[in-house]
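These numbers come from a predicted model, not from an experiment.
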Amino acid sequence: MAMDCPLLVWMLSINRDVLTEEYDKCFHLVKDCVPHAKLPYQPTSIDSFRQLICHMLPLLMMRHRRISRSKWKDCVTSNEKHWIEQSPDDMPPEKFLQSMIGYHLAYDNSLCGMVMTQGRQRQVINIGLGIKQISVEPKGVSVPAYAESFAHKLTPLEMTFLKPEYGDEIILRRLSILLSLKAAYIKAVGQGAAFDWSRLEFNIPKESARGDDHPLQGWEFRVFKAQLGVQRLNGVMLEESYQCACAFFRGTKESKFIWHDNAKDLEAWVQFINIDQMVKVIPKLRA
């Protein structure tokens, strides 16, 4: 049972524009220390930079645990579920079995994140993170039209939670919750981009979830918001809001939803950092 595995989340805000020199430092770090990433060199692509930052988060997490890069390896299952295996040297066999770290990386716009847990390998790999910015894309489109554009990913029941009469703010928040929950679950079970999101149904008022019309049992879903201040080149500070969701299979009889509505709730298990803090520690991440 994965009952005792605590969840930890790292969130990094790309809270300003990035210099080419910073991109280069991140690129060479990932190339040397995260060889499985195999990312092409694209210094003008913000999406490339987001991916680099995500791959640096496990390095940062292991550094915080004072485990040098030579003492762990990144492993992956046949359906692309990653876990970290530490060196068994100087560790009793039972402790070694409990030392596997399952993790998942996700990003959207200015926010990159990692969710992780520790335990036995089969307990820790079914973990996923979903991040969805609470805004319309492209800018200027109406909220009802934006919600309608996701109809193919939602069920008829879920669409009833997004009626125009609820108002833009409620529709956008509910849509972001549904999409982040679905993304977290899909990644937790190791499904690819071709998965039909409408096979999943989250009944938010009843706090229940179904897949192919069967109850999803044994899952823990954590739902929380992240607020970022992002500085652009013209000096303007923008406020951005993100809906985040974690999905983790605990093997309990029922599934459980945990809603975190204030910053105090998050302090125990969500760590927020920014781009300056990450760039500063790059030399240490190689150790």
Verdict with supporting geometry, Phe248 and Trp219, ring-ring contact (aromatic ring centres under 6.0 Å, His included): CA-CA 6 Å; Phe248 180 50; Trp219 287 86; 7.9 Å; no
Salt-bridge present ([X], [Y]; N to O < 4.0 Å):
{"X": "Asp47", "Y": "Arg50", "value": "yes"}
{"X": "Arg120", "Y": "Glu94", "value": "yes"}
{"X": "Glu169", "Y": "Arg173", "value": "no"}
{"X": "Glu220", "Y": "Arg222", "value": "yes"}
{"X": "Glu80", "Y": "Lys187", "value": "no"}
{"X": "Glu85", "Y": "Lys73", "value": "yes"}
{"X": "Asp276", "Y": "Arg16", "value": "yes"}

key: Residues in side-chain contact (heavy atoms from CB on, under 4.5 Å) contact with Gln191, at least two apart in sequence or another chain   =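 Expected list: Ile186, Val189, Phe195.
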Go through the steps to decide whether Val124 and Ile101 satisfy the test side-chain contact (heavy atoms from CB on, under 4.5 Å), and finish with yes or no. CA-CA 7 Å; Val124 302; Ile101 296 173; over 6 Å; no
Q | Residues which pass side-chain hydrogen bond (donor to acceptor under 3.5 Å, both in side chains) with Gln277, listed by chain and number, not counting sequence neighbours | A |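 With neighbours one apart ignored, the set is empty.
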Open item on the list: For Trp72, does the six-membered ring have the charged nitrogen or CZ of Arg69 within the cation-pi criterion, i.e. under 6.0 angstrom from the centroid and within 45° of the normal?
Closed with: yes
Mark yes or no: Arg174 above the aromatic ring of Tyr166, with NZ or CZ under 6.0 Å from the six-membered ring centre and no more than 45 degrees from the axis.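 So Arg174 does make the cation-pi contact.
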- Applying side chain to side chain donor-acceptor pair (under 3.5 Å), run through Gln217 and Ser255 and close with a yes or a no. CA-CA 5 Å; Gln217 292 175 312; Ser255 283; over 6 Å; no
Could you tell me whether a side-chain N or O of [X] sits under 3.5 Å from a main-chain N or O of [Y], the two making a donor and an acceptor?
{"X": "His104", "Y": "Leu129", "result": "yes"}
{"X": "Gln243", "Y": "Phe224", "result": "yes"}
{"X": "Thr117", "Y": "Pro6", "result": "yes"}
{"X": "Lys132", "Y": "Leu179", "result": "no"}
{"X": "Lys182", "Y": "Trp197", "result": "yes"}
{"X": "Tyr23", "Y": "Gln42", "result": "yes"}

Report task. List the steps and the verdict of side chain to side chain donor-acceptor pair (under 3.5 Å) for Arg65 and Gln118. Result -> CA-CA 12 Å; Arg65 294 175 165 230; Gln118 183 171 324; 2.5 Å; yes
Next item on the list: Could you walk me through whether Tyr103 and Asp74 pass the side chain to side chain donor-acceptor pair (under 3.5 Å) test, one step at a time?
Entry: CA-CA 10 Å; Tyr103 73 90; Asp74 197 283; 2.4 Å; yes
- Message: ring-ring contact (aromatic ring centres under 6.0 Å, His included) for His64 and Trp10? Distances and angles first, verdict last.
- Response: CA-CA 12 Å; His64 266 250; Trp10 293 71; 4.9 Å; yes
Original post:
Relative to the ring of Phe150, is the ring of Tyr146 parallel (under 30°), tilted (30 to 60°) or perpendicular (over 60°)?
Top reply: perpendicular
Evaluate the ring planes of His55 and His36, with Trp represented by its six-membered ring, and classify them as parallel (under 30°), tilted (30 to 60°) or perpendicular (over 60°).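 Perpendicular.
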Are Phe202 and Phe221, when compared by the centres of their aromatic rings, separated by less than 6.0 Å? yes
Report task. Say whether Asn109 and Gln133, considering side chains only, have a donor N or O and an acceptor N or O under 3.5 Å apart. Result -> yes
Show the atom names and distances, to 0.1 Å, of all donor-acceptor pairs under 3.5 Å that link a side chain in residues 257-269 to residues at least two apart or in another chain.
from   : atom 1 : to     : atom 2 : distance (Å)
Trp259 : NE1    : Glu207 : OE2    : 2.8
Asn262 : OD1    : Lys264 : N      : 3.1
Asn262 : OD1    : Asp265 : N      : 2.9

